[in-house]
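Worksheet for the structure shown next.
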Amino acid sequence: SYGADELAMLELAAYANKRRQYTPKIKVMYSTETAADMVMPFMPATVRETVGEKIAAVGAQAVEDVNGADIILFVHCGDEKTSASGITGAARKIHALARDKPLALVDLSVNFKKRETVMSALLAENIPLSSLTAYAGWNTAGNSIGTALAQSALFSGTVKISPAEHLPYIYYKNFEFTVARILDDWLYQKDIRAKTGNILNKTGSGRNIAGKKEFVRKKIKDLLEHKKERIFLRNLGLHPFFSNEKGCYYLVSMETEIDLPWDRLFEISLMLKTEAGESENHGAGR
């Protein structure tokens with residue numbers, strides 16, 4: 001395997017697909033013509049090779065025709081050459097594609113910078129994050145592709161075998177998992193971690209948090225609370241994650257708790273708790 005962090009989710013998705021006799025059809029798309037042939041940091045293979053390995057690992061099948069696909073796997077690989085117009089274009093393409101098909105977004109960044117990610121443009125363009133079936137953008141292409149693919153395959157397979165009355169809850173729990181990934185992989189890793197590190201540098205303590213975990217945890221929590229509330233009010237809580245002839249379903253609250261499992265900033269343990277609500281709807285369902 002090109003990676004290790006994603007293995008448990010790949011195994012879970014492969015097991016579910018085998019039991020259900022379900023072979024998800026995956027249409028792979030890239031934000032740029034060069035992304036597929038890039039070798040991302042910490043990886044021994046190109047993005048294209050990594051995608052192929054993960055598709056095989058979950059028992060899925062790559063297809064060329066988007067109309068025949070169960071899932072679109074959209075892969076973005078940003079670097080120092082990535083332009084604002086480029087990621088805006090990618091965000092708008094994602095928005096158009098996700099209207100018709102479940103779309104899993106892999107949002108990679110060579111330099112682990114917020115400005116290199118598509119998520120920045122999705123938020124700037126006010127594109128509903130609830131339209132994403134999965135999101136991942138952690139530190140390697142392997143764990144991000146594997147996690148997003150496994151999540152979207154599990155979700156797609158579950159939807160196919162579930163009665164209509166179960167769908168609101170299935171969409172809700174899948175969206176909750178996606179939100180957790182956005183908060184951890186993007187908001188913390190691409191924004192809050194750097195700000196926390198700068199605070200530590202100013203105190204002369206560097207990046208070693210041994211002996212000061214509670215101080216650091218509080219700083220991270222304060223930053224996370226402020227920034228996630230803005231994202232919730234402007235996007236996550238504004239758009240329905242599911243709708244049918246009975247109503248629209250929204251996130252109505254979102255609480256987070258964080259912990260620091262090691263004496264470094266790179267990993268946090270993020271616990272997300274949400275609540276959902278329903279409003280009447282007389283439009284088309286999703």
Side-chain angles (χ1 to χ4, degrees), residues 5 78 84 87 91 105 107-130 132 134-140 143-144 147-148 151 172-239 241 250-277:
D5 299 314
I87 62 168
L105 172 58
D107 198 9
L108 302 172
S109 166
V110 169
N111 301 295
F112 235 48
K113 300 290 186 183
K114 185 169 66 172
R115 63 160 298 274
E116 297 176 0
T117 65
V118 174
M119 181 55 62
S120 300
L122 292 174
L123 290 169
E125 293 287 305
N126 295 316
I127 293 171
L129 300 184
S130 57
L132 299 177
Y135 179 87
W138 210 55
N139 69 327
T140 75
N143 60 40
S144 297
T147 300
Q151 180 193 347
Y172 165 47
K173 299 309 292 186
N174 187 71
F175 185 44
E176 186 178 57
F177 187 85
T178 301
V179 171
R181 299 272 52 78
I182 292 169
L183 296 180
D184 195 335
D185 296 10
W186 185 79
L187 182 57
Y188 176 72
Q189 292 291 345
K190 308 301 190 306
D191 187 342
I192 294 173
R193 185 168 67 89
K195 287 182 170 62
T196 307
N198 291 335
I199 292 170
L200 287 174
N201 286 337
K202 289 177 181 178
T203 66
S205 59
R207 299 298 175 98
N208 186 355
I209 64 173
K212 55 180 81 68
K213 274 191 176 181
E214 186 53 33
F215 167 79
V216 174
R217 192 192 70 81
K218 188 176 185 308
K219 288 294 182 185
I220 293 172
K221 183 171 176 57
D222 289 346
L223 287 168
L224 182 64
E225 286 296 320
H226 173 68
K227 291 176 177 288
K228 79 170 179 62
E229 191 66 18
R230 292 182 63 189
I231 297 173
F232 177 78
L233 292 174
R234 297 180 181 184
N235 197 301
L236 294 174
L238 196 60
H239 307 285
F241 56 81
Y250 297 83
L251 287 188
V252 296
S253 71
M254 185 170 74
E255 298 177 5
T256 53
E257 284 294 335
I258 68 107
D259 198 5
L260 295 161
W262 291 285
D263 293 336
R264 59 180 186 171
L265 291 175
F266 194 70
E267 292 97 349
I268 62 168
S269 175
L270 186 144
M271 289 71 71
L272 176 66
K273 181 181 179 181
T274 68
E275 291 185 5

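Note that these values count all heavy atoms, side chains included, but never hydrogens, waters or copies made by symmetry. This one's a predicted model, so the numbers in the text were calculated from it and none came from an experiment.
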State whether the side chain of E116 and the backbone N or O of N111 hold a donor-acceptor pair below 3.5 Å, judged by distance alone.
yes
So, do L105 and L122 sit near enough that their side-chain heavy atoms are less than 4.5 Å apart?
yes
Straight-line distance of I209 CD1 to I220 CD1, nearest 0.5 Å:
6.5 Å
Test your reading of the model: is there a side-chain donor-acceptor pair from N235 to the backbone of L129, 3.5 Å cut-off?
yes
Counting only heavy atoms from other residues, nucleotides and ligands, does the tally under 6.0 Å from CD of E125 exceed 12?
yes
Less than 4.5 Å apart, side chain to side chain, heavy atoms only: is that true for I231 and I182?
no
Run the side-chain contact (heavy atoms from CB on, under 4.5 Å) test on L260 and I268 for me, step by step, so that the C-alpha distance in whole Å, both residues' side-chain angles and the decisive distance to 0.1 Å come before the verdict.
CA-CA 5 Å; L260 295 161; I268 62 168; 3.7 Å; yes
Backbone N/O of G137 and side chain of K190: donor-acceptor pair under 3.5 Å:
yes
Looking at CG of L265 and CD1 of I192, how far apart are the two atoms once the value is rounded to the nearest 0.5 Å?
11.5 Å
Minimum heavy-atom distance F175-S130, with the two atoms named
CE1-CA, 3.4 Å
For Q151 and A134, the nearest pair of non-hydrogen atoms, with its separation, is OE1-CB, 3.3 Å
For a side-chain hydrogen bond (donor to acceptor under 3.5 Å, both in side chains) with E214, tell me which candidate from K218, R217, K212 qualifies.
R217
Between E176 and K273, does the salt bridge (Lys or Arg N to Asp or Glu O under 4.0 Å) criterion hold? Intermediate values first, please.
CA-CA 8 Å; E176 186 178 57; K273 181 181 179 181; over 6 Å; no
Nearest-0.5 Å distance, CG of residue L200 to OG1 of residue T196:
7.0 Å
Please lay out, stage by stage, how D185 and T147 fare under the test side-chain contact (heavy atoms from CB on, under 4.5 Å).
CA-CA 11 Å; D185 296 10; T147 300; over 6 Å; no
Determine whether a donor-acceptor pair (N or O, by modelled atom type, separation under 3.5 Å) exists between the side chain of S269 and the backbone of D259.
no
Tell me, do E257 and K221 make a side-chain contact under 4.5 Å, heavy atoms counted?
yes
Quick check on the 6.0 Å ring-centre criterion: do Y188 and W138 meet it?
no
Can you name the nearest heavy-atom pair linking L272 to A180, along with the distance?
CD2-N, 3.7 Å
Steps toward side-chain contact (heavy atoms from CB on, under 4.5 Å) verdict (N126, L238)
CA-CA 10 Å; N126 295 316; L238 196 60; over 6 Å; no
For the pair K228 (side chain) and M254 (backbone), establish whether a donor and an acceptor sit closer than 3.5 Å, ignoring hydrogens and angles.
yes
To the nearest 0.5 Å, tell me how far F241 CZ sits from T274 OG1.
8.0 Å
Check: D107 side chain, M119 main-chain N or O, donor-acceptor pair, under 3.5 Å
yes
Return yes when atom NZ of K113 has more than 12 non-hydrogen atoms of other residues, nucleotides or ligands closer than 6.0 Å, and no otherwise.
no
If you round to the nearest 0.5 Å, how far is CD of Q189 from CG of N139?
7.5 Å
How long is the gap from CZ on R193 to CG on L187, to the nearest 0.5 Å?
12.5 Å
